[in-house]
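Just below is one structure, and these are the notes that go with it.
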Amino acid sequence: MSALLDVDQLLDKLEAGLRNLLEERGIKSPVLIGIRTGGVWVADIIGKRLGIEEPFGELDISFYRDDFSRIGLNPKVTPSSLPFDTEDRDIILIDDVIMSGRTIRAAMNELFDYGRPASIILATLIDLGARELPIQPDVAGQSLTLDATQRIKLRGPDPLRIEIQAAEQ
Amino acid sequence: MTANAASPNHLQLTRDGQLRHFLTLDGLNRELLTDILDTADSFIEVGERSIKKVPLLRGRTVVNLFFEASTRTRSTFELAAKRLSADVLNLDINTSATSKGESLSDTLLNLEAMASDMFVVRHAQSGAPHFIAESVTPGVAIINAGDGRHAHPTQAMLDMLTIRQHKGRFEGLKVAIVGDILHSRVARSQIRALNELGAEQIRVIAPGTLLPKDVESLGCTVEYDMAKGMKDLDVVIMLRLQKERMEGALLPSEREFYRLYGLSQEKLALAHPECIVMHPGPINRGVEIESSVADGPQSVILNQVTNGIAIRMAVMSMAMGGQMAERQQKLNEMNERGLA
């Protein structure tokens, strides 16, 4: 059993929220960074919608995860790629889903090893709550609460689909 | 190759197939070797950042335990450990405790008492890292940085990384290893890696006196005539003539060796025009390789050094990760039993 969320509606909301925020903060030329894998797909779409021509960056946070001492290294790590200098730039950091907040902590630690950005805005397609760290998205497409038997799955990149599945036994 | 290498994997892999020591390439399959290369690719990117460090081994202690001299290998292991944020202790045992009569086991016990998490071991005796892995406290990862004539797995893997960077693949490649195969732990590990990763042809080119017995059983063909051996090569790996290991008259003279097996411009011209030239270093210019070839456009010798740091970061973080995952798993199992 799986239910579908309307991705376009979430992207619309994310785009509108980002436009407002950029306007409000007077940010003229932001750069986008997506967190692999889902965040990269969302960053690609949002970049086009916002008319950002500069290519977006991709972060693989495997070397910064806080569960290395419990599960070891992710064997499928791929190189991060930031095709621009982050120093003094306004960054929009994008992920598909935020839950515990641990991924975002890892991503921000990694970002600061590239330089000192002017600012970071956090945008996620979905906010599942259940936070374990004091990290909140500035813009989210939708907030959702799943019950214990449900999982969320983003499929993509084209078309982008979000499925809510019953957890595998 | 050695008796205890027949099934090394009970020692170097966890139950889930993660690396927990890195002793030999024997028994490691293509998927794991490819994971090591892929992980190293990500560490190459880290080496290009403004801050070239990741926090994976923060708070861990890595001991470089070198019973045999080495500059390049030791310094790249040291740099690799530091870029993983580990604390590093360099011990040159030749000039240290053993010369005062302390036994290997006592040295190890002392290092364990300093709460070390990883030993990087180089030893003149084949099998020494295996012995250490079997005898130290569980939880300490052992990385082989070269043991006797047996293996030098991180060197072989950094060579594989260099080949993949330049050729993009292993399938269909013709690779030759030239020179002192007899004394070379590097050659043994390279042949093993090239076979597992699917190279088409692996040739060893050397005089009979510098070849081990039954060298073909390692999975390669033998060529005594370098001109023939160079034909159509995609990769040529020159080995250093290990003068300090030469016992007796294995060679007429260095000059004669260079004439027959040294890599000159003329001999290189017999290979594929895009053939890359590799050498694990340190190079003896004019003994196994002409200076202009070592510095020439087909040489990737300095890339090998850079790749050495990334490969060592990869195996160190994978082995440490495997050790920690295993420890966590055992804790979980104990907790479950306690609750049951």
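Each chain gets a letter, A, B and so on, in the order the sequences are listed, and its residues count up from 1. Side chains are part of it too, since the values below use all heavy atoms of this structure and drop only hydrogens, waters and symmetry mates. Since the structure is predicted, the reported quantities are computational estimates derived from the model, not experimental observations.
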In this structure, are over 12 heavy atoms from other groups packed under 6.0 Å from [X] atom [atom1]?
X	atom1	answer
A:R116	CZ	no
A:E132	CD	yes
A:K153	NZ	no
B:R58	CZ	no
A:R70	CZ	no
A:R65	CZ	no
A:Q136	CD	yes
B:E333	CD	yes

Can you name the closest pair of heavy atoms from [X] and [Y] and give their distance?
X	Y	answer
A:S69	B:R60	CB-NH2, 4.3 Å
B:I51	A:F112	CD1-O, 4.0 Å
B:S317	A:L73	OG-CD2, 3.6 Å
B:Q18	A:I71	NE2-O, 3.6 Å
B:S42	A:P79	OG-N, 3.0 Å
A:Y64	B:K53	OH-O, 3.5 Å

Would you check if [X] and [Y] make a side-chain contact, meaning some heavy-atom pair closer than 4.5 Å?
X	Y	result
B:D35	A:K76	yes
B:L57	A:F68	yes
A:E87	B:S50	no

| note | Rounding to 0.5 Å, atoms CD (B:E48) and OG (A:S81) come to a distance of 11.0 Å

| task | Sort out for me which of B:M324, B:E45, B:R49 touches chain A most, counting heavy-atom pairs under 4.5 Å. | result | B:R49

